[in-house]
Amino acid sequence: QVQLVESGGGLVQTGDSLRLSCTASGRTASVYAMGWFRQAPGKEREFVATITWSGSDTDYVDSVKGRFTISRVNIKNTVYLQMNSLTPEDTATYYCAGRTMATIARETYKYTYWGQGTQVTVAS
């Protein structure tokens with residue numbers, strides 16, 4: 001099994017930055033591509049960003065392009081989401097997810113492992 005633990009969420013003001021971290025433990029050799037998703041109250045979980053195991057390929061939802069950056073340090077089994085220029089529309093619970101495949105993906109059903117989430121609240 002693989003456990004994913006997110007950290008770094010909090011309450012910030014519009015325009016501020018946050019860096020989320022997601023650390024994997026357990027059978028980490030079975031995890032390849034990683035992703036970040038978010039879910040706001042009353043809304044479906046949505047894709048935010050994804051990265052291949054090597055870090056050579058990434059993908060972002062249009063609403064965060066140019067503001068968010070996904071990265072990873074495999075020796076630490078950790079994936080990061082740097083979030084800049086935050087707005088109230090970014091308020092959500094952010095989830096880290098891991099695939100057993102090497103290719104990146106936007107669909108939630110393509111991810112096998114999920115963390116419990118970290119709350120990000122952006123005040124106006």
Among side-chain atoms of [X] and [Y], is any donor-acceptor pair under 3.5 angstrom?
X      : Y      : answer
Tyr94  : Arg38  : yes
Thr121 : Gln119 : yes
Thr50  : Asp59  : no

Identify whether [X] and [Y] are in the same connected component of the hydrophobic contact network (ILVMFWY, side-chain heavy atoms under 4.5 Å).
X      : Y      : value
Leu86  : Val48  : yes
Ile104 : Met101 : no
Val64  : Tyr80  : no
Tyr113 : Tyr32  : no

Atom of [X], atom of [Y] and distance for their closest heavy-atom approach:
X      : Y     : value
Ser124 : Pro88 : CB-CG, 3.9 Å
Tyr60  : Ala49 : CD2-CB, 3.6 Å
Ala40  : Ala92 : N-CB, 3.9 Å
Val12  : Ser17 : CG1-O, 4.4 Å
Lys110 : Arg99 : O-NE, 3.0 Å

Could you tell me whether the side chain of [Y] reaches within less than 4.5 Å of the side chain of [X], counting heavy atoms only?
X      : Y     : value
Thr108 : Phe47 : no
Trp53  : Val31 : no
Val120 : Thr91 : no
Ser30  : Val2  : yes

Kindly compute the distance separating [atom1] ([X]) from [atom2] ([Y]), expressed to the nearest 0.5 Å.
X     : Y     : atom1 : atom2 : value
Ser21 : Arg72 : OG    : CZ    : 13.5 Å
Met83 : Leu18 : CE    : CG    : 4.5 Å
Asp90 : Ser63 : CG    : OG    : 7.0 Å
Met34 : Ile70 : CE    : CD1   : 8.0 Å
Gln82 : Leu20 : CD    : CG    : 9.0 Å
Ser25 : Gln3  : OG    : CD    : 4.5 Å

Determine yes or no for a side-chain-to-main-chain donor-acceptor pair under 3.5 angstrom, with [X] supplying the side chain and [Y] the backbone.
X      : Y      : result
Thr14  : Ala123 : yes
Glu6   : Cys96  : yes
Tyr111 : Ala105 : yes

Practice task
Establish, yes or no, whether the cationic atom of Arg45 lies under 6.0 Å from the six-membered ring centre of Tyr95 and within 45° of the ring axis.
Solution key: yes

Exercise for the section: Kindly check if the number of other-residue, nucleotide or ligand heavy atoms within 6.0 Å of CD (Glu107) is above 12? Expected result: yes

Handout entry: Parallel, tilted or perpendicular: rings of Trp114 and Phe37 (30°, 60°)
Key = tilted

Practice task
Mind running side-chain contact (heavy atoms from CB on, under 4.5 Å) on Asn84 and Phe68 for me, showing each step along the way?
Solution key: CA-CA 6 Å; Asn84 299 329; Phe68 291 12; 6.0 Å; no

